[in-house]
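What follows is a structure written as structure tokens; I'll ask about it next.
Every chain is numbered from 1, with letters handed out A, B, ... down the list of sequences.
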Amino acid sequence: MTSKGLNDIPKSYEPAHVEAKWYQFWLEQGYFTPEIDDKKEPFVIIMPPPNVTGELHLGTAFTAIIEDTLIRWHRMQGKPTLWLPGSDHAGIAGQNVVEQLLAEEGISRHTLGREKFLERMWEWMNKYRGIIAAQHKRLGASSDLTRERFTMDPGPSLAVRTTFVNLSKKGLIYRGERIINWCPRCITALSDLEVEHKELSSNLYYVRYRLEGEEDRFITVATTRPETILGDTAVAVNPEDERHKSHLGKQAILPVVGRTIPILADEAVDPAFGTGAVKITPAHDPVDFEVAQRQNLPSINILNLDATMGENAGPYAGLGRFECRQALLEDLEKEGLLVTIEPYVHSVGHCQRCQTMVEPLLSKQWFVNTAPLAKPAHKVVKERQIEIIPERFTKVYLNWMENIRDWCISRQLWWGHRIPAWYCGTCDGDKIDIIPIDEFLRERDLPHGTHTYSKLRELGVSHDEIVRNTDWVTIDLSANPIVATDAPHQCPVCNGTDLLQDPDVLDTWFSSALWPHSTLGWPEETEDFKYFYPTTVMETGYDILFFWVARMIMMGLENTGEIPFHKVYLHGLIRDEKGEKMSKSKGNVVDPVQAIEKYGTDALRFAISTGNSPGNDMRLSPHKLEGSRNFTNKLWNAARFVIGNINSEEATIPVETNLVEDRWILSRLNRLTAEVTELLEQFQLGEAVRRIYDFLWTEYCDWYIEIAKIRLRQDGDGYSPMPVLVHVLETTMRLLHPFMPFITEEIWQQVKESSPSANPGSIMIAPYPTADTETFDADAERDMELVIDIIRSIRNARMESKVDPGRFIEASIIAENAKPTLDALAPAIAALARVRPLTILSNQDGGTSGNEQAKILVLKGAEVVLPLGGMIDVGAERSRLLKEIEANQNEISRIEHLLADTNFLAKAPSHIVDKERQKLDDRNDIQRKLKEKLADLG
RNA sequence: GGGCGGUUAGCUCAGUGGUUAGAGCGCUUGCUUCACACGCAAGAAGUCACAGGUUCAAAUCCUGUACCGCCCACCA
């Protein structure tokens, strides 16, 4: 290799060019695509597919960075390593984004129609899938792009339909009328998980209902939602409640609407709350619905799907829900039926995607019967077949599985996996209600509203037209869906061919639940599936433990009979400097791409990795990014120094040395390697990378390179520090590569030829360092500690005495055991402490007594004498010594006390006791010397 | 109502049964020293929230308290 001068290398690290170059290279070499090798156990991570709702945000960047680090580490260990990337169609969130765009153009999806709308959805998805992929590249993500999957791809879609069919056949998916959470803005049902509860201060309204046939006798109920009075079908009291016993069996008259409803007894009523009498609104409250089921009460739905009041709301029909509340309250007030209003704080559900207040609504939807799926999913975690990291989330998971409720999976959206259920337009025709889009009705001059399938056909509308122009459909309970993975051609009952597919789509998390196996080819028995499944680690944020992780375990076990992954690693959330969640509206978002452009990918990766521990949230600030950028620059310049000094012959000399600083740095390097490996195995990525940082900056740069510089100037003794300098740099680059892929590759490429290690084409596939315990060298570490201590003490003394920084001062060091080391490092000590001349004496050569013009530093293992001439203030010197003596005495007393404790001696491990004894000896030695010096001062 | 996490230097956070608690930023002082001023050197700065307990030894384990944050839950 040709030597490079320092000036050939830029003075500061320029990431952009380096990043583009190496990513392209890796891609071309095919390093991201693993080879299937049955003799080796693969390492597999399926990437949590980011939502295609726009550009990449810091959360997905966080995920990618952690996963890439794990992936690169394992790949360097020689395992067939698969990181499968993908993206998610994002159901409601995805549809909302495109609908907003349409709104800006002044159109709605309904005017566009389902087919055209879906075309727009695909356009958006394809565009942003590309952007997300590009952004992953910027992060240095080494995912296997040849296996990239989208949740709506044919493969994962077939997996979805197959699962739906299988579960239906087993009775684990059913269609039924239940109280669900309804978002009137998204116009769709939601699962319980998609509802966010917020504490709101509102009012509790006490309303009295007149008793039928009894003048001026009332029963008073309390409610937070007075408008639901319109849907009441009973008043319930606790059977034990003496206050209301006389009311049982009577009829109450609903205010305003005048309907009569029964007063009945039900256990669900808490006599202590409110008045002990509860209005029962089965169509709009889950508890009331249960009461109604028990008591055989009718349900009256008073709302339209957009939360305006429906026809059952009588005079209030057409009003918004809150307008209706206001109007009704006024009417109640007028009639003297509003008894009182109490301020009341309670939690109210809001749509996770649009923050609209949700309405509990009786509706016919598809559900997953989760209990049978939860049982095995609970077991595999309980029995630690799947390990969750950090451990504390195990309890959260188990608790959720124990209290799991059925999962509402149908969504009244257009974007998503269409439910693979069909209804027969011939035999079920008059049971199928259809709501065609308004445009279509206008064209046909038909009235706005619901139509039955058969009626539309009678009016001459063809089946195809109905299918194309249908917004949503409601189907009578008796309608019989045909569930199949592919569109059926004929009704098995009547052979009719007018089949109408269920218009709803599936919860986006339904396809996500299958992700580990659907991306690998299931339901086909593909090579990938056979080799890579079950996967190794599922790495994701703790915020989607229930949404995703729990469901993957349930569905994975159900579909494949195996766990989907062995370990779950949960990371925290990224917050801003003040610990707040980042959001566009707060303006505190750090855009990963902007951060990369400003600081470089490796700096962003380092900032995110370092100091972070599993499951804990972290804050990211520009300050942190700056610090990380500084580290990349430091690295760059350390490398610049090394590369600039490489001379081809000497640098390729095998690393074989007896010099103390060499033995020291190699020992430290191997200890570092051992620690980093152990930390990585425990998923302590933040701590691992921090150790590498410390080693590089402090031990390698501040000490080893500084000493090496002095060695380089000492020509002619046949020794060069270059082999060790290069070897340590090369090895540390490999240690660091999983965290900071680009700069390590760039540096490694320039030093690899000078290193005796294996020399593959890229650091990416170079072996990850392993610790060589033979290299551990306690003597060298102890000796170097002394050298560092000496240099520091001299520098400190110079500062204290305000010695001109440029000036050389005279010094002598008196040492016993360490003398050979100090002799060997004398030039380095002299240069680094600015000492000239430096004399190193052994104890026998005589003490230092009588020299009151000298400053004397007593260290563990050596004494340093600085004859500073007139610069010594004897008074200050005396007080310095006294202070040191006092501090030392405190420590001596502490240890003496400890060593006098028989309990300590009996119970503490012997190496601890020995350590304390050694410390005491050292301290006593220092103390004796300090006292001598004090005496010498006179 | 149940559960979880946090409380460590001015700020942001690591740490974890071993007795002298670390880093980055910030601060003080000095330095354009031939890798790096995105730097170097030297420093100041913490009764590890509080109260008990276990232990030879507690910032670390246990119990309780306070404050902050999060998750779950059908309080009309």
- Note on the structure: salt bridge (Lys or Arg N to Asp or Glu O under 4.0 Å) pairs touching residues 598-615 of chain A, sequence neighbours excluded, are A/D68-A/R605
- Item | Side-chain donor/acceptor of A/N637 to backbone N/O of A/N633, under 3.5 Å |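 Answer holds: yes.
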- Message: Going by the rule salt bridge (Lys or Arg N to Asp or Glu O under 4.0 Å), which residues pair with A/R321 if we only count those two or more places apart in sequence or in a different chain?
- Response: A/E359
- Say you pick atom C1' in B/rA49 and the same atom in B/rA9; how far apart are they, in whole Å? 15 Å
- For B/rG30 and B/rU47, measure between their P atoms and round to the nearest Å. 28 Å
- Task: Could you give the distance separating B/rA42 and B/rC25 at their P atoms, to the nearest angstrom?
- Result: 15 Å
- Message: Would you measure the distance from the C1' atom in B/rG22 across to the matching atom in B/rG15 and give it in whole Å?
- Response: 7 Å
Solution key, residues 907-917 of chain A side-chain donor-acceptor pairs under 3.5 Å, sequence neighbours excluded:
residue	atom	partner	partner atom	Å
A/E916	OE1	A/R894	NH2	3.1
A/E916	OE2	A/K919	NZ	3.4

- Closest to the A/A908 side chain, choosing from B/rA76, B/rA35, B/rC56: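 From the listed options, B/rC56 comes nearest.
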- Query: Counting side-chain heavy atoms from CB outward, which of B/rA76, B/rA41, B/rG24 is closest to A/R795?
  - Reply: B/rA41
- Message: Would you measure the distance from the P atom in B/rA44 across to the matching atom in B/rU7 and give it in whole Å?
- Response: 26 Å
- Query: Got a salt bridge between A/R178 and A/D406, using NZ or NE/NH1/NH2 to carboxylate O under 4.0 Å?
  - Reply: no
- Task: With C1' as the reference atom in both, quote the distance from B/rU29 to B/rU65 in angstrom, rounded to an integer.
- Result: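 Straight-line distance between the two C1' atoms is 45 Å.
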- Atom P, compared across B/rA35 and B/rC50: separation rounded to whole Å: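 Between the two P atoms, the distance is 48 Å.
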- Task: Mark yes or no for a side-chain to base donor-acceptor pair under 3.5 Å between A/K634 and B/rC36, with no hydrogen or angle criteria applied.
- Result: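 Answer is yes: a donor-acceptor pair is held.
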- Note on the structure: Pairs under 3.5 Å (Watson-Crick or G-U), crossing ones as [ ], inter-strand ones as |: RNA chain B comes out as (((((((..((((....[...)))).(((((.......))))).....(((((..]....))))))))))))....
- Query: For the base of B/rA35, is there a side-chain donor-acceptor partner from A/E706 under 3.5 Å away?
  - Reply: yes
Table please: side-chain donor-acceptor pairs of residues 270-278 of chain A below 3.5 Å, with sequence neighbours left out.
residue	atom	partner	partner atom	Å
A/D270	OD1	A/A272	N	2.9
A/T275	OG1	A/T220	O	2.4
A/T275	OG1	A/A277	N	3.3

- Once each nucleotide of nucleotides 1-10 of chain B is scored for protein heavy atoms under 4.0 Å, what B/S/- sequence comes out, 5' to 3'? --SSS-----
- Message: For a quick check, tell me whether the side chain of A/K709 and the base of B/rA35 share a donor-acceptor pair closer than 3.5 Å.
- Response: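 Checked by distance alone, the answer is yes.
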- Message: Is there a side-chain contact between A/W697 and the phosphate of B/rC38, meaning an N or O under 4.0 Å from OP1 or OP2?
- Response: no
- Is a donor-acceptor pair below 3.5 Å formed from side chain A/R629 to base B/rC38, judging by atom type as modelled?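 Flag set: donor-acceptor pair detected.
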- Task: From the options B/rG18, B/rC75, B/rC56, select the nucleotide whose nearest atom is closest to the side chain of A/P909.
- Result: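 Selected nucleotide: B/rG18.
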- Item | Pairwise C1' distance for B/rA21 and B/rU60, with rounding to whole Å |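 11 Å, rounded to whole Å.
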